[in-house]
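A short worksheet on the structure shown next.
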Amino acid sequence: MFRRLRYLWAFLLTAAAAVLLRGLAVTLPSPATEVLSPINESPWELGKLVFWPYLCGALLLWRLEPPGTTSRGGHCAALAAATGLMIILCQLLWDIVPRYALFCAAVLAGMALYHFVLRRHLRGSELPWYLLAILLGITYLLLTALPPYGGIFLDPHDAAAMAPIPF
């Protein structure tokens with residue numbers, strides 16, 4: 001029974017990790033918590049809501065999968081896809097859909113992508129997918145410390161405040 005619900009358990013673990021990381025960043029603001037949780041409402045920063053917690057869910061999925069049916073490289077590819085989807089959804093649907101719904105959509109899409117496509121069809125070397133996940137994590141570390149200005153790094157609340165006043 002537990003193995004049949006493994007995706008539900010992984011989703012719940014991912015959601016719990018996201019809530020805990022966000023709560024930790026709000027109650028104890030420090031550079032360590034700023035790396036793991038969004039520091040503003042930019043799409044890039046909201047991608048952290050998926051990236052770090054999804055690692056917990058992917059680890060649980062990997063442990064619960066029957067031997068020989070899992071792809072660790074597939075988990076890394078799904079992690080990158082879910083994070084990218086969260087960034088795209090935040091950029092496109094900023095004022096339309098609440099952030100928690102975007103989070104749920106991105107995580108569920110990443111898990112569905114893994115289950116239906118990547119688990120079965122991503123064979124061969126897993127090293128490129130490991131490197132992709134590691135590089136994305138390093139990019140989050142660096143761009144949290146030195147964020148660029150503009151594009152997906154721009155907080156929409158700040159952009160509205162800096163817009164010129166129309167005549």
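No hydrogens, no waters, no symmetry mates; every other heavy atom, side chains included, goes into these values.
Side-chain contact between Glu34 and Ser30 is absent, with no heavy-atom pair separated by less than 4.5 Å. Contact check for Leu24 versus Leu20: no side-chain heavy atoms found under the 4.5 Å cut-off.
Note on Leu13: it clusters hydrophobically with Leu108, by side-chain heavy-atom contacts below 4.5 Å among ILVMFWY residues. No chain of hydrophobic side-chain contacts below 4.5 Å, direct or via other Ile, Leu, Val, Met, Phe, Trp or Tyr residues, connects Leu135 to Trp44. Leu49 and Leu59 sit in two unconnected hydrophobic clusters of ILVMFWY residues. Membership requires side-chain heavy atoms under 4.5 Å apart, directly or through other members. Under the 4.5 Å side-chain heavy-atom criterion for grouping Ile, Leu, Val, Met, Phe, Trp and Tyr, Phe11 is connected to Val117 within one hydrophobic cluster. Under a hydrophobic-cluster definition in which Ile, Leu, Val, Met, Phe, Trp and Tyr are linked whenever side-chain heavy atoms come within less than 4.5 Å, directly or via other members, Leu136 and Ile87 are assigned to the same cluster.
For the pair Glu45 (side chain) and Ile39 (backbone), a donor-acceptor distance under 3.5 Å is present. With hydrogens and angles disregarded, no donor-acceptor distance shorter than 3.5 Å links the side chain of Trp52 to the backbone of Leu21. Proximity of a side-chain donor or acceptor of Thr14 to a complementary backbone N or O of Ala10 within less than 3.5 Å is detected. Thr83 places no side-chain N or O within 3.5 Å of a backbone atom of Ala80 that could act as its donor or acceptor partner. Arg22 contributes a side-chain N or O that, together with a main-chain N or O of Pro38, makes up a donor-acceptor pair within less than 3.5 Å.
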task: Dump the intermediate steps for side-chain contact (heavy atoms from CB on, under 4.5 Å) on Arg6 and Leu60, then the final yes or no.
output: CA-CA 8 Å; Arg6 63 183 172 257; Leu60 181 67; over 6 Å; no
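For the pair Trp129 and Ala77, the tightest heavy-atom approach, listed with the atom from each and the gap, is CE3-CB, 3.5 Å. Of all heavy-atom pairs between Ala17 and Cys56, the closest is CB-SG, 4.2 Å. For the residue pair Gly73 and Tyr130, the shortest heavy atom distance occurs at N-CE2, 4.4 Å. Residues Leu89 and Ala106 approach most closely at CD1-N, 4.5 Å, considering heavy atoms. When all heavy atoms of Tyr7 and Glu65 are compared, the pair lying nearest together is OH-OE2, 3.1 Å.
Rounded to the nearest 0.5 Å, atoms SG (Cys76) and CD1 (Ile134) are 7.5 Å apart. We find the CD-CG distance between Gln91 and Leu102 to be 12.0 Å, quoted to the nearest 0.5 Å. The OG atom of Ser37 lies 9.0 Å from the CG atom of Leu46; values are rounded to the nearest 0.5 Å. Separation of atoms CG (Leu79) and CZ (Phe51) is listed at 5.0 Å; rounding is to 0.5 Å. From Leu143, atom CG reaches atom CD1 of Ile138 across 11.5 Å, with rounding to the nearest 0.5 Å. For the atom pair Leu28 CG and Thr33 OG1, the distance stands at 7.0 Å (nearest 0.5 Å).
Using a 30° and 60° split on the angle between ring planes, Tyr114 and His75 fall in the parallel class, below 30°.
One side chain, Lys48 or Thr144, offers a donor N or O that lies under 3.5 Å from an acceptor on the other.
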